[in-house]
Each structure stands twice: as structure tokens, then as C-alpha cells.
Amino acid sequence: MVFLKQPTKEQELSSLLQTLHEHHPLHPRHYAPIFQLLTRFRGSLSQAKQLHAHLTLRGLRPDAFLAAKMVALYSSSRDRRTATLLSRQVPCPSTLLFNALIRGHSLFASPLETLDVFRQMQSHGLPPDHFSFPFALKCCAELQFLPLGQSLHSQCLRFGLEKDVYVGSSLVNMYAKCGYMKFGAVEMAKELFDDMPKRNIVTWTAMISGYSQNGMADSALSLFEDMKREGSQVQPNWVTIVSVLPACAHSAALEQGQRIHDYATAMGMDAHPTVRIALVTMYAKCGNLVAARRCFTSILGEDDNNSKNDLVPWNAMIAAYASHGLGAEAATLFEDMIKTGVRPDSVTFTSLLSGCSHSGLVEDGLKYFDSMRTVYSVEPQAEHYACVVDLLGRAGRLDEAVGIIERMNVVEVGPSVWGSLLSACRTFRNLEYGEMAANRLFVLEPENSGNYVLLCNIYADFGKWEEVKKLRSLLKERGIRKSPGCSWTEINGKIHAFFEGDKSHPQSRQIQILLEDLDKKMKAAGYVPDTRYVLHDISEEEKECSLKTHSEKLAIAFGLLNASPGTVRVLRVTKNLRICGDCHMFAKFISNIYSQEIIIRDVNRFHHFKTGTCSCGDHW
DNA sequence: GTAGGGTTAG
């Protein structure tokens with residue numbers, strides 16, 4: 001039996017070239033299929049040039065169609081210069097030609113350069129089509145350039161292209177990516193999404209990731225459920241999974257994350273390295289370091305992929321250890337990575353240094369910081385300086401920290417650097433540096449209420465109530481409100497959230513009773529409320545009362561009430577701000593009195609409370 | 001030929 005084989009790339013090419021030689025004279029159009037074929041097979045630049053020379057030799061000038069095909073080949077071969085030159089020589093450029101040029105730029109040039117080609121197309125009076133807009137909109141999304149995106153949107157409407165699924169998905173994505181820039185942009189994305197006559201998996205994923213990336217985790221998760229309910233119309237793929245997992249990570253919704261992991265496994269999507277990386281991060285941020293490590297190991301264990309040499313899984317796992325305050329483990333993993341032959345990048349060092357700082361490994365951290373440039377040729381950036389300032393600051397070495405800041409001449413001293421210094425000043429009661437850092441921060445990020453609170457804390461510590469008052473009126477003047485403390489915990493896959501002083505929960509009464517009882521037990525065991533964490537200039541009793549309503553205490557009490565002993569091994573609580581010192585002490589006591597392991601994720605890191613101690617070693 | 005994705009600091 002004879003099998004008919006598909007012609008190979010070479011066979012197909014040589015037969016086309018044969019045709020070229022046999023036919024004289026030729027029309028430029030005869031060349032078009034060859035250029036097209038070369039583009040499809042990712043032909044080399046030298047082949048393109050040979051063919052081009054062939055054409056010139058015969059005195060043939062490419063028409064708009066052939067030029068478009070040639071431009072496409074040059075563009076996809078990274079030769080943007082020739083592509084641009086060629087496009088300028090064409091007497092009557094077409095939309096097709098410019099689309100080819102735009103595509104090439106979108107592959108190898110910056111978004112701004114790509115947008116410039118789009119602009120040139122329009123200045124030639126050529127109407128962009130359903131191929132041009134997705135490219136241009138993607139650039140706006142990458143640049144978070146909402147005004148241009150909106151203008152492109154209105155053009156899409158004018159050309160009647162908004163119903164096209166590619167254009168529509170691009171618009172949804174553009175608005176979602178600009179959500180950070182302008183209030184209401186994500187809502188606009190959702191409106192467009194709802195109005196689209198046809199949605200495919202890319203449209204759904206764009207909207208889900210839009211929610212995820214804008215911190216709207218609940219919306220992301222519920223949209224993912226909506227999509228599954230749509231049935232066979234759309235099938236989630238690995239990109240969808242990767243887009244929804246950060247939403248679980250954000251909410252610390254471990255059970256939901258596990259369900260999505262199971263789902264991905266059932267659908268055969270868990271083998272994808274990118275999915276596994278997202279899983280590492282999801283498990284780590286949900287407080288399950290063991291599962292995170294398991295996923296990480298499974299990535300390295302794969303024989304048939306190259307992800308062993310991929311930096312990102314290592315970075316993800318190093319970051320996981322770092323956020324859990326396991327600096328030594330992060331450092332060991334870093335050394336393993338180097339032994340494997342993977343080169344670290346700036347993200348690696350950010351995580352590694354923060355890991356050292358969270359575990360008090362000052363000397364190791366300084367050593368790694370030094371090695372960045374000298375050994376690994378990675379230039380330190382503001383975030384690395386912030387970590388080093390934090391490293392020294394947490395160790396109380398404030399003068400050295402300030403010295404580091406003073407010596408930062410190439411890198412701009414950003415808010416994170418001053419922020420590190422300010423929190424160290426709060427811990428070690430340093431008024432001079434604290435005021436210095438805070439005053440910089442009030443200019444650099446005037447909206448961040450946390451900075452005002454920290455300086456207030458320092459003033460309160462020194463009994464400077466006049467200054468506290470002044471700062472309060474400044475806050476009022478600027479219309480800044482202290483972000484309310486919020487803590488939440490997941491019980492049976494449902495998230496229960498509590499705000500500071502919250503009494504709205506159905507179990508609020510029981511929570512209060514339990515907290516009163518705990519208070520008595522703890523005082524009997526020697527607990528003294530640390531009222532330094534209350535800002536107000538009020539009596540000690542009132543301060544104590546104010547501490548009792550902190551959101552993390554409410555969430556812990558709720559967890560204790562609903563977690564029947566033996567069934568819930570670990571109580572996991574997440575807080576939107578930094579945990580206060582009094583609540584930290586409270587959690588340590590509870591972990592001892594109730595023999596209950598508690599893991600609290602605050603805005604910076606994890607705290608594992610077990611038998612009266614915390615993994616951070618009171619070093620946060 | 002066009003659209004969606006993973007890792008980072010106070």
C-alpha cells in the first residue's frame with residue numbers, strides 16, 4: 001500500500017521555485033505564494049533576501065499584494081527595517097500591507113512603535129480592519145493607555161467592527177487592563193462583554209483575568225462558574241485556569257483553589273508547566289506550603305519539558321518560602337537553582353532578599369545583595385534597595401539603612417524604600433528618620449493612608465498628641481480615609497469577612513461572648529493588652545476595648561466557633577493590613593490554649609502560630 | 001495574518 005505523503009517544506013518550495021524558472025516573463029504575483037509559504041514555515045531571512053534579489057534582477061516591482069506578503073515575511077523574521085523600507089516603496093499601500101507591518105512590529109517592537117505604524121496607516125487614509133484593531137488595542141492594553149483605547153473603541157463602532165469576536169475580546173481586554181488607571185474601566189469591560197453577540201473562550205478568559213488582575217477575586221471566581229454553566233459552548237483551557245487561580249490566591253480561598261486544581265486535573269490541564277507555576281503560587285498564598293512544594297517538585301520532575309531550566313518556577317517557590325518567613329529554605333532553593341544552571345534575575349533577588357529579611361538573616365541578605373552585581377550581573381533596582389533597607393531596619397540597624405539610601409545614586413529612591421525605613425522607625429521608635437521618610441512618602445504616595453498611620457503611631461509612642469492631631473487634620477484635609485482593617489476566613493468553601501468593630505455577622509453575639517471569655521483566660525495566663533497599637537488619645541480601658549474589635553480577632557473567634565476540634569487542623573485567616581502587635585500576641589495565646597494551629601496571612605507575609613510561638617520569631 | 005496566561009518589594 002502506498003502512502004501519500006504531504007509535501008515537505010523543501011519539496012513545496014522547490015516546486016514553486018521551479019515554476020518561477022520555467023515561466024518567463026513573470027508577474028510579481030507569482031512570487032506571492034512563495035513568500036507566503038516562507039512566512040508559514042518561518043523561513044530564514046537569507047531565503048527572503050535571495051528571493052527578493054531574484055525579483056529585482058528581473059526588474060519586477062512588487063505590487064501592493066506581493067509587497068504585503070514580503071513585508072509579512074521580513075516582519076516575522078525580525079527584519080523590521082527592510083519591511084518598513086519596502087512598505088514605503090509601494091505606490092499604493094493597502095490595509096493588508098499595513099496589517100503585515102503592524103503584525104511584525106507587534107512581534108518584535110515596542111507597543112508605542114506598533115501604534116505608530118497603525119497611525120501611519122490611517123494617515124494614508126487606509127481604513128483599519130478587524131485584523132488591525134486587535135493589534136492596536138493590545139498595545140493600549142499593555143501601555144494601560146486608556147484615552148487612546150477609548151478613541152480606538154469609537155473607531156471600531158464607526159467601522160461597525162464591535163461585533164467581531166476578535167475586536168470585541170480585544171476591547172474587553174483593553175478596558176480590563178486599564179482598570180487600575182480609571183475607576184469604571186472594568187465595569188465598561190463587563191458591559192461590552194455582556195453585549196457581545198458571540199463570546200469564545202478567549203473573551204471569557206480576558207474578562208476573568210481582568211477581574212483577577214484588578215483584585216476583584218469574587219467576580220473572577222463567579223464568572224468562572226458562570227462560564228462552566230454555559231456548558232459545551234465554551235471549554236476552559238489552561239489559560240483560563242491560569243487566569244482564575246490568582247483570584248483564589250488573592251482571597252486565600254484554599255478550598256476553591258483545590259477544587260479548580262481538581263478540575264484542571266480532570267480535564268487534563270494540570271500538566272501544563274504554566275498551570276503548575278500558578279498552582280505553586282496559589283497554594284503558597286493560601287497558606288499551604290506543602291502543596292506548593294509538591295507542585296513545584298512536579299514541575300522539576302517532568303522529563304519531557306524544558307521547564308527545569310525555566311526560571312519562573314524557581315522564582316515562584318523562592319517567593320513562597322520568603323512570604324512564609326522561611327529565609328533559610330529560600331536561600332537553599334536559590335543555591336539549588338544555581339547548581340542546576342538556571343540564571344537568577346531581578347525577581348529572584350527580590351524574593352530572596354525579602355526572605356532573608358523576614359527571617360532576620362541579615363548577613364546572608366547583605367551577602368546576596370552584594371553578589372547580585374558582582375556574581376550574577378543583575379543590577380539592583382529600587383525594590384532590592386527596599387529589601388535591604390528592610391533587612392537592616394528590622395534588625396534595628398537604622399543608621400546603616402539610611403546610609404544605604406544615601407548611597408543610592410543611580411536608582412531613584414522610590415516609595416518602597418522610604419516605606420521600609422518608616423516601618424522600621426515605627427518598630428524601633430525613631431522620630432527623626434521616621435519624619436524624614438514619612439514626609440517623602442506624603443509626596444510620593446499622598447493617597448496611601450498606611451503611611452499617615454505609621455507616623456501617627458510613632459508620634460503616639462512619644463506622647464506627641466499635638467502632632468497626632470495635626471496629622472489627623474491633614475488626612476481630613478486631603479480627604480484620605482484610613483483603610484478599614486478587614487480579615488476573613490474560609491469555612492466549607494465559603495469566605496466569611498469581618499471589618500474592624502463589625503457586628504453585622506449573624507454569629508456576632510457568640511463571637512463577642514467567646515472573645516470576652518478568651519480575654520479572661522488569657523489574662524489569667526499572664527496576657528497584658530498592648531495598647532500601643534491604638535492611636536487615640538483615650539483612656540487605657542477604652543484602648544483595650546478598641547483592640548478587642550480588631551478584625552483579625554473577630555475572624556479567629558469565628559473560626560474557633562465553627563471549626564469543631566479535630567476536623568479543622570489549621571485555622572487560616574487573611575488580613576488586608578499588617579497584623580498588629582496585640583493581635584499577634586493574642587494569636588500566640590490562642591494557639592497554646594486551644595492547641596490550635598493558626599496561620600495568618602497579613603498584607604506582607606505569613607505568620608504560623610503553634611503552641612504559643614510564631615514562625616516569624618516576633619520578627620516582622 | 002488578529003484577542004486571553006504564570007514569578008517580585010515596604
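In what follows, every chain begins at residue 1, and chains take the letters A, B, ... in the order their sequences are listed.
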Can you tell whether the side chains of Arg373(A) and Glu379(A) come within less than 4.0 Å, N to carboxylate O?
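Here Arg373(A) pairs with Glu379(A) in a salt bridge, since their nearest N and O are under 4.0 Å apart.
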
Determine the contact category for [X]: base if any of its heavy atoms lies under 4.0 Å from a base atom, sugar-phosphate if only primed atoms, P, OP1 or OP2 are that close, otherwise nothing.
X	result
Trp418(A)	nothing
Asp390(A)	sugar-phosphate
Ile201(A)	base
Phe135(A)	sugar-phosphate
Ala319(A)	sugar-phosphate
Leu441(A)	base
Asn200(A)	base
Ile241(A)	nothing
Gln213(A)	sugar-phosphate
Thr240(A)	base
Val239(A)	base
Asn237(A)	base
Ser170(A)	sugar-phosphate

So, do [X] and [Y] have ring centers that fall under 6.0 Å from each other?
X	Y	value
His153(A)	Tyr175(A)	yes
Phe296(A)	Trp314(A)	yes
Phe349(A)	Tyr376(A)	yes

Can you give the first and last nucleotides of DNA chain B, 5' to 3', that have an atom under 4.0 Å from a heavy atom of chain A?
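Result: dG1(B) to dG10(B).
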
Kindly check if the number of other-residue, nucleotide or ligand heavy atoms within 6.0 Å of CD (Glu335(A)) is above 12?
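For Glu335(A), atom CD is crowded (more than 12 foreign heavy atoms under 6.0 Å).
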
Those residues of residues 399-407 of chain A lying under 4.0 Å from DNA chain B by at least one heavy atom:
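The stretch gives none, as no residue of it lies under 4.0 Å from the strand.
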
Tell me which pairs pass salt bridge (charged side-chain N to carboxylate O under 4.0 Å, His left out) where either residue lies in residues 193-202 of chain A, with sequence neighbours left out.
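Residue pairs with at least one partner in residues 193-202 of chain A: Lys190(A)-Asp194(A).
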
Please determine, by modelled atom types, if Tyr433(A) and Asp399(A) share a side-chain donor-acceptor pair under 3.5 angstrom.
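Their side chains do contain a donor-acceptor pair, which is all the 3.5 Å distance test asks for.
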
Side chains of His105(A) and Ser75(A): donor-acceptor distance under 3.5 Å anywhere?
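No, no side-chain donor-acceptor contact under 3.5 Å.
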
Geometric cation-pi criterion, Lys228(A) with Tyr263(A): 6.0 Å, 45°:
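So Lys228(A) does make the cation-pi contact.
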
